[in-house]
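These figures come from a predicted structure and were not determined experimentally.
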Amino acid sequence: QVQLVESGGGLVQPGGSLRLSCVASGFFFSGSAMSWYRQAPGKQRVLVAGISRDGRVQNYADSVKGRFTISRDNTRNTVYLQMNTLKPEDTAVYHCVVPQLATWGQGTQVTVSS
C-alpha cells in the first residue's frame with residue numbers, strides 16, 4: 001500500500017522559511033521521481049517542484065524559482081521542500097506526489113501571513 005505522509009507546514013510570516021517533509025512507503029522510492037504540488041483556496045492544483053529518481057535533476061515553477069529547493073534522501077525514503085522568502089501567495093495545501101503512480105499525500109497546510 002502506497003503511503004505518503006507530509007509534515008512541516010504551519011503559519012509563518014512573509015519572508016520566513018519552512019521545510020516540508022514527505023515520508024514515503026509501499027513502493028520503490030529510489031526508483032521513482034517525486035513532486036510537490038500545491039492547491040490554494042478556490043484554485044487548481046499546480047506543480048511546485050519535481051526531482052528525478054537520483055536527485056540530480058530538479059525543476060521548479062517560475063513562481064518559486066530561487067526561493068524553493070526540492071531534495072530527497074533515498075536512504076530515508078523522504079523528499080523535502082525547503083521554502084525560503086515565503087510570500088502570502090504561497091499560502092496553500094502542499095501535497096507530495098508520485099507522478100508515475102498518480103498517488104497523492106493528504107497534504108500539509110502552509111499559511112503565510114503577518
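Not one N or O on the side chain of Y37 forms a donor-acceptor pair closer than 3.5 Å with the backbone of A49. Judged by distance alone, the side chain of H95 and the main-chain N or O of G105 form a donor-acceptor pair under 3.5 Å.
For the disulfide bond (SG atoms under 2.5 Å apart) condition, no pair includes a residue of residues 30-90, sequence neighbours left out. Annotation: salt bridge (charged side-chain N to carboxylate O under 4.0 Å, His left out) contacts involving residues 102-114, sequence neighbours excluded, are absent. Pairs of residues two or more places apart, or lying in two chains, that qualify as disulfide bond (SG atoms under 2.5 Å apart) and include a residue from residues 80-114 are C22-C96. Among residues at least two apart or in separate chains, there is no disulfide bond (SG atoms under 2.5 Å apart) pair with a member in residues 30-77. Applying the side-chain hydrogen bond (donor to acceptor under 3.5 Å, both in side chains) test to pairs two or more places apart or on separate chains, those with a residue in residues 12-35 are S17-N84.
Taking Q106 as the reference, E6 meet the side-chain hydrogen bond (donor to acceptor under 3.5 Å, both in side chains) condition, with sequence neighbours excluded. K65 pairs by the salt bridge (Lys or Arg N to Asp or Glu O under 4.0 Å) definition with D62, not counting sequence neighbours. Residues passing the side chain to side chain contact (heavy atoms under 4.5 Å, CB included) test with T75 are D73, sequence neighbours excluded. For D90, the side-chain hydrogen bond (donor to acceptor under 3.5 Å, both in side chains) partners at least two apart in sequence or on another chain are R38, R67. Applying the side chain to side chain contact (heavy atoms under 4.5 Å, CB included) rule to V23 yields the partners T78; only residues at least two apart in sequence or on another chain are considered. Residues that satisfy the side-chain hydrogen bond (donor to acceptor under 3.5 Å, both in side chains) test with S52, not counting sequence neighbours, are D54. Scored by the side chain to side chain contact (heavy atoms under 4.5 Å, CB included) test, L11 finds T111, S113 as partners (sequence neighbours excluded).
Counting non-hydrogen atoms of neighbouring residues, nucleotides and ligands closer than 6.0 angstrom, the CZ atom of R53 reaches no more than 12 such neighbours.
Residues L18 and V110 approach most closely at CD1-CG1, 3.9 Å, considering heavy atoms.
Taking the six-membered ring wherever Trp is involved, the centroid distance between the rings of W36 and F68 does not fall below 6.0 Å.
Linking ILVMFWY side-chain heavy atoms closer than 4.5 Å, directly or via other members, places V98 and Y80 in two distinct hydrophobic clusters.
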